[in-house]
2 protein chains.
Amino acid sequence: MARTNAEPAVDKRRLILDAAVRVFARQGFHTCRVSDIADEAGVAYGLVYHYFDSKDQILDTLFLERWDILLRAIQQVDAEEIPPREKLYAITSFIVDSYRHDPDLMQVIIVEVTRAANTFGRTHLAHIREAYYGIAAIVERAQRAGTFRSDITPDFAALAFYGAVEQVLTGWIFALLPTGEREYDQAKTHIVETICGGLDQTDRTSSTAGRAD
Amino acid sequence: MARTNAEPAVDKRRLILDAAVRVFARQGFHTCRVSDIADEAGVAYGLVYHYFDSKDQILDTLFLERWDILLRAIQQVDAEEIPPREKLYAITSFIVDSYRHDPDLMQVIIVEVTRAANTFGRTHLAHIREAYYGIAAIVERAQRAGTFRSDITPDFAALAFYGAVEQVLTGWIFALLPTGEREYDQAKTHIVETICGGLDQTDRTSSTAGRAD
DNA sequence: TGACCGGTTGACTGACCAGTCAATCTGTCC
DNA sequence: GGACAGATTGACTGGTCAGTCAACCGGTCA
C-alpha cells in the first residue's frame with residue numbers, strides 16, 4: 001500500500017465532518033446527539049473526540065471553512081472592473097450556486113449559524129459582519145461613482161441585500177418557494193433586480209446581468 | 001378589596017410571561033432555565049407549571065400573542081385604499097414601532113422563533129408564512145394595477161421585503177446598525193425606498209410615504 | 001368554625017447526553 | 001519479533017434541568 005502517515009486511506013476527520021452536515025441538516029444541531037454523527041459516519045463515538053474537542057467545534061469548523069470561501073469570493077468580486085450591479089449579481093450567484101451544489105451544508109450554515117443569532121451567530125458575529133462590510137464597500141463605491149443613489153447608507157443597503165438573499169435561501173430550505181435549476185437562476189436575477197431596480201414600475205431599457213425570464 | 005376570582009390583584013400569569021421576555025432576551029431560550037424565569041418573576045418554580053404546560057408553551061404564547069397582532073395589522077393595511085408603496089410603509093412602520101416599543105419582545109420573537117428555523121420557526125411556520133402571504137397579496141394587487149412590475153413573483157417580492165425588514169431589526173438587536181428614534185424613522189423610509197425604488201440612481205420626482213431625512 | 005379550593009411553594013426525580021478514559025487494534029520501524 | 005505511536009473502540013460518569021408532586025397557604029362561603 002503506497003500511503004504515508006500524512007495521507008490515510010480514508011480521512012476519518014472529513015468523514016465525520018460530512019456526516020455532521022447531513023445530521024445537522026436533518027435533525028438540527030441542538031436536537032442531534034454526537035452519537036448520531038458517529039453512527040452516520042460509521043465510526044465509534046470516541047473517534048469524534050479524537051478529531052474534535054467538542055460538538056460545537058464541528059459546527060465551527062464547517063462554518064469557517066465555507067464562510068472564508070465566501071469572504072474571499074466577495075473580495076475577489078469587488079476587485080474586478082465591472083459595474084456594481086454585476087458585482088452584486090456575482091455575489092448572489094456565488095451564494096445561490098453554493099446552495100445548489102451542497103444544499104445541506106448551506107442549510108446548516110444559514111439555519112444553525114447565520115440565523116442562529118443567540119448561539120453560533122453570536123460566536124461568529126465578526127465573520128458574518130465581514131461579509132456585510134464587503135457588500136457595503138461595493139455599495140459605497142457605487143455611490144461615489146454616482147451609479148447608486150446616496151441617500152441610503154451602504155451598511156443599510158448591505159443588510160437589505162444580504163437579508164433578501166438569505167431569506168430566499170431560507171424559503172427554499174423550508175419549501176416556501178419552489179426549488180429547481182430554473183428557479184435558482186431566476187432568483188439570482190430577481191434578487192438583484194429587486195434590490196437595485198426596485199419593485200416600482202418604470203421604463204426599463206437597460207437590464208444588466210442575467211437574462212430576464 | 002374589591003376583586004373577584006376572575007381578576008386577581010396581580011396577574012401572575014402575565015408576570016411570568018413578562019419575566020420570560022426579559023430572560024429570553026437576555027440569555028436566550030435554550031440557555032436559560034425555567035428557574036431563571038421564576039426568579040425574574042419573583043414566583044416559585046412550580047407556579048410556572050401551574051400556568052403553563054412547558055417551557056416551550058411560554059414562548060409559543062408570547063409569539064402567538066404578538067404575531068396575531070401583526071397579521072391583523074397586515075390585513076387591515078391591505079384593506080385600506082392607499083397606494084401599495086404606502087401599504088408597505090405602513091407594515092414596515094408597524095414592525096419598527098413594535099421594536100421601538102418593546103425591543104425585548106421583538107428580539108425574542110425574531111431571534112427565537114422567526115429566525116430559529118429548526119426549532120420554533122418550524123413549529124410556527126404556518127403562521128409566519130401567513131405574514132408572507134399577506135405581503136404577497138399586496139404586491140400582487142399592485143402588479144395587477146400596474147404600479148409594481150410584474151416580472152418578479154409576489155411570493156418572491158414578499159420574501160425579499162420581509163427579509164430586509166427582519167435583517168434590519170437583527171442589525172439593531174446585535175448592534176450592527178446604530179439605534180435611536182432618528183434611525184428608526186429613517187429605516188422605515190429606507191427599507192421601502194430600497195425595495196420599491198431600488199438602489200439604482202434614477203430621476204426621482206415622486207417620493208411617497210415618509211419624508212426623506 | 002371548619003370545609004373547600006384555587007393558588008403557591010420548592011425539594012426531588014428521572015432522563016438525557018456531552019465528554020472521558022482505559023483498553024484494544026493496526027501499522028511501522030529497528 | 002517486539003516495541004512504540006497513533007487510530008479506534010464503546011462503556012461509563014457527572015452534571016444539568018425540565019417537569020412532578022405532596023404539602024401548605026389564605027380567602028370564601030355555609
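Reminder, nothing fancy here: chain letters follow the sequence lines and each chain counts from 1. Side chains included, hydrogens not; waters and symmetry mates left out as well; all remaining heavy atoms used.
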Looking only at atom types and distance, does a side-chain atom of [X] sit under 3.5 Å from a main-chain N or O of [Y], one as donor and one as acceptor?
X: Glu183(B); Y: Leu177(B); result: no
X: Lys87(A); Y: Val77(A); result: no
X: Gln107(A); Y: Ala25(A); result: yes

Can you give each donor-acceptor pair under 3.5 Å made by side-chain atoms of residues 110-120 of chain B, sequence neighbours left out, with the distance rounded to 0.1 Å?
residue	atom	partner	partner atom	Å
Glu112(B)	OE2	Asn118(A)	ND2	2.3
Glu112(B)	OE2	Phe29(B)	N	3.0
Arg115(B)	NH1	Gln167(B)	OE1	3.3
Arg115(B)	NH1	Thr170(B)	OG1	3.3
Arg115(B)	NH2	Glu166(A)	OE1	3.2
Asn118(B)	OD1	Arg122(B)	NH1	3.0
Asn118(B)	ND2	Glu112(A)	OE2	2.3

Sub-4.5 Å side-chain heavy-atom contact between Tyr89(B) and Ile191(B): no
Qualifying salt bridge (charged side-chain N to carboxylate O under 4.0 Å, His left out) pairs with a residue from residues 24-35 of chain A, counting only residues at least two apart or across chains: Arg26(A)-Glu40(A), Arg33(A)-Asp36(A)
Please state how far atom [atom1] in [X] lies from atom [atom2] in [N], giving the value in whole angstrom units.
X: Leu15(B); N: dT8(C); atom1: CG; atom2: P; answer: 10 Å
X: Phe52(B); N: dA18(D); atom1: CZ; atom2: C1'; answer: 16 Å
X: Tyr51(B); N: dG19(D); atom1: OH; atom2: C1'; answer: 18 Å
X: Lys12(B); N: dC25(D); atom1: NZ; atom2: C1'; answer: 12 Å
X: Tyr49(B); N: dG7(C); atom1: OH; atom2: C1'; answer: 18 Å
X: Phe29(A); N: dA18(C); atom1: CZ; atom2: P; answer: 8 Å
X: Asp39(A); N: dT9(D); atom1: CG; atom2: P; answer: 11 Å
X: Ile37(B); N: dC17(D); atom1: CD1; atom2: P; answer: 13 Å

Positions of residues 54-65 of chain B (non-hydrogen atom under 4.0 Å from DNA chain D), listed by number: Ser54(B), Lys55(B)
His50(B) vs dG7(C): side-chain N/O to OP1/OP2 distance below 4.0 Å: yes
Sequence-distant partners of Glu181(B), side-chain hydrogen bond (donor to acceptor under 3.5 Å, both in side chains), two or more places apart: Arg100(B)
side-chain hydrogen bond (donor to acceptor under 3.5 Å, both in side chains) against Glu140(A), all qualifying residues, sequence neighbours excluded: none
Sequence-aligned protein contact record of nucleotides 10-15 of chain C, with B where the base is within under 4.0 Å of a protein heavy atom and S where only the sugar-phosphate is: BB----
Geometric class of the Phe63(B)/His127(B) ring pair [parallel <30°, tilted 30-60°, perpendicular >60°]: perpendicular
